[in-house]
Number of protein chains: 2
Amino acid sequence: MRADAQKNYSHLLAVARGIVTDRGTEVSMRDIARRADVGLATLLRHFPTREALFEALMRTDLDALTQMAGELEATAAPAEALLSWFTEWLAFAQAHKGAVTLMAEAHTNPGSALYASCAAVHLASAHLLAQAQAAGVARHDMTGDDLFGLMSALGWLVDLPSFAPRAEHLSQIIASAILTPGAGAEMR
Amino acid sequence: MRADAQKNYSHLLAVARGIVTDRGTEVSMRDIARRADVGLATLLRHFPTREALFEALMRTDLDALTQMAGELEATAAPAEALLSWFTEWLAFAQAHKGAVTLMAEAHTNPGSALYASCAAVHLASAHLLAQAQAAGVARHDMTGDDLFGLMSALGWLVDLPSFAPRAEHLSQIIASAILTPGAGAEMR
DNA sequence: ACCTGAACACCGTTCAAGT
DNA sequence: ACCTGAACACCGTTCAAGT
């Protein structure tokens with residue numbers, strides 16, 4: 001990348017981060033370009049779509065999130081790992097309002113800039129679920145898809161200001177539906 | 001209302017119903033007006049906002065839904081009433097794609113055309129939950145708000161084509177989190 | 001009373017022309 | 001290589017002018 005392009009790229013990302021933080025996720029691409037003192041076409045040249053921009057904005061946190069899944073899988077007990085994973089996911093969702101909606105729409109669309117991230121989260125979740133199921137602490141009539149769905153639904157919900165305060169509690173309710181009550185005790 | 005206005009109103013509603021059914025919930029007001037061979041301003045005179053239009057489109061089904069809650073409360077056992085309520089809600093959500101998102105956004109906004117409907121669903125849900133809690137078949141650490149939240153999250157989720165096939169199953173998972181396992185047995 | 005075209009201030013997409 | 005103004009086809013809002 002040419003030096004001026006590199007500079008534009010970083011500048012746009014920084015401006016976008018700032019403007020999204022204090023004006024929300026719905027800002028128009030035009031506004032971001034305007035704030036960055038750059039033509040709209042320039043912004044779109046670096047980030048051809050809104051998803052591409054958000055993917056770049058969240059990449060660091062997304063990587064940290066999926067890496068955390070691996071650590072939990074390796075170090076924590078299966079049930080605790082799943083619970084902690086819910087907490088991590090929720091923290092991510094609350095740090096990036098609107099991200100869950102974008103991801104839920106992108107997760108079946110391989111052309112989306114967010115597709116790979118969705119797949120990574122999906123895969124990490126499925127692993128943690130499988131581990132919990134193998135240990136007999138999670139219900140067996142559930143797939144990784146179901147888990148990703150419930151996580152998405154929860155993430156969407158806590159984006160609504162009226163439900164944000166109940167986030168932790170709602171998360172526990174859903175988690176309790178997944179984890180079987182008696183640790184190690186099979187349910188049928 | 002003048003005769004010509006009444007006729008326009010019915011015509012617009014019919015056209016909107018048709019176009020929403022086969023082109024989805026995201027159609028523009030302009031497209032609806034166009035299809036109805038009417039000026040955009042005329043459409044907006046009858047339905048000043050998109051929410052007002054959808055409220056009119058769903059009014060019949062919404063009334064039927066909340067009425068059903070009353071019947072379930074009166075006739076079914078508390079746990080079964082809550083389960084049936086979930087089923088009814090899900091059927092409504094699937095019959096009106098996009099409705100849940102509109103309702104979730106409207107439910108704290110008294111100015112919204114959908115506010116009253118949200119309040120009715122919320123109230124009906126809270127009654128069924130309270131009844132189940134009094135009978136000792138639903139967890140006590142939950143409010144009507146929580147239930148409405150979980151219902152909204154579920155309704156949003158099954159609007160996504162990839163999750164629609166799992167709707168019934170996902171609904172059961174969430175329901176199982178609310179209903180306590182041993183009927184009549186208190187949990188603490 | 002009710003309807004409507006037109007002006008308005010937006011939006012994201014595209015591309016020919018500039019450096 | 002990279003940038004950008006301008007044209008484009010949209011969107012919902014508003015209102016003066018028509019019937």
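Letters go in sequence order (proteins before strands), and every chain restarts at 1.
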**Request:** Determine the interplanar angle of the H107(A) and F163(B) rings, folded into 0 to 90°, and report it as parallel if under 30°, tilted if 30 to 60°, perpendicular if over 60°.
**Result:** parallel
**Asked** Considering residues, nucleotides and ligands other than Q6(A), do more than 12 of their heavy atoms fall under 6.0 Å from its CD?
**Response** yes
**is_close_aromatic(F47(A), F54(A)), centroid dist under 6.0 Å** = no
**Asked** So what does A5(A) hit on the nucleic acid, given a heavy-atom distance under 4.0 Å: a base, only sugar-phosphate, or nothing?
**Response** sugar-phosphate
**hydrophobic_cluster_shared for L102(B) and L90(B), side chain cutoff 4.5 Å** = yes
**Prompt:** Which part of the nucleic acid does S28(B) contact within heavy-atom distance under 4.0 Å: base, sugar-phosphate only, or nothing?
**Reply:** sugar-phosphate
**Message:** With nearest nucleotide decided by heavy atoms, which residue, H46(A) or A41(B), maps closer to the 5′ end of DNA chain D?
**Reply:** H46(A)
**Prompt:** Will you find, in the side chains of S176(B) and R139(A), an N or O donor that is under 3.5 Å from an N or O acceptor?
**Reply:** yes
**Complete:** Its 5'-most and 3'-most nucleotides having an atom under 4.0 Å from a non-hydrogen atom of chain A, DNA chain D is contacted over dA1(D) to dG5(D)
**Message:** Whether the R34(A) and S28(A) side chains hold a donor-acceptor pair (N or O, under 3.5 Å, no angle test) is what I'd like checked.
**Reply:** no
**Request:** Look at all strands and tell whether R45(A) reaches a base, only sugar-phosphate, or nothing, counting heavy atoms closer than 4.0 Å.
**Result:** base
**Intra- and inter-strand pairs of DNA chain D in dot-bracket (Watson-Crick or G-U wobble, both distances under 3.5 Å; | for another strand)** = ||.|||||...|||||.||
**Asked** Should D145(A) and R166(B) count as an ion pair when the cut-off is N to O under 4.0 Å?
**Response** no
**H96(B): side chain to side chain contact (heavy atoms under 4.5 Å, CB included) partners, not counting sequence neighbours** = M58(B), D61(B), F92(B), A99(B)
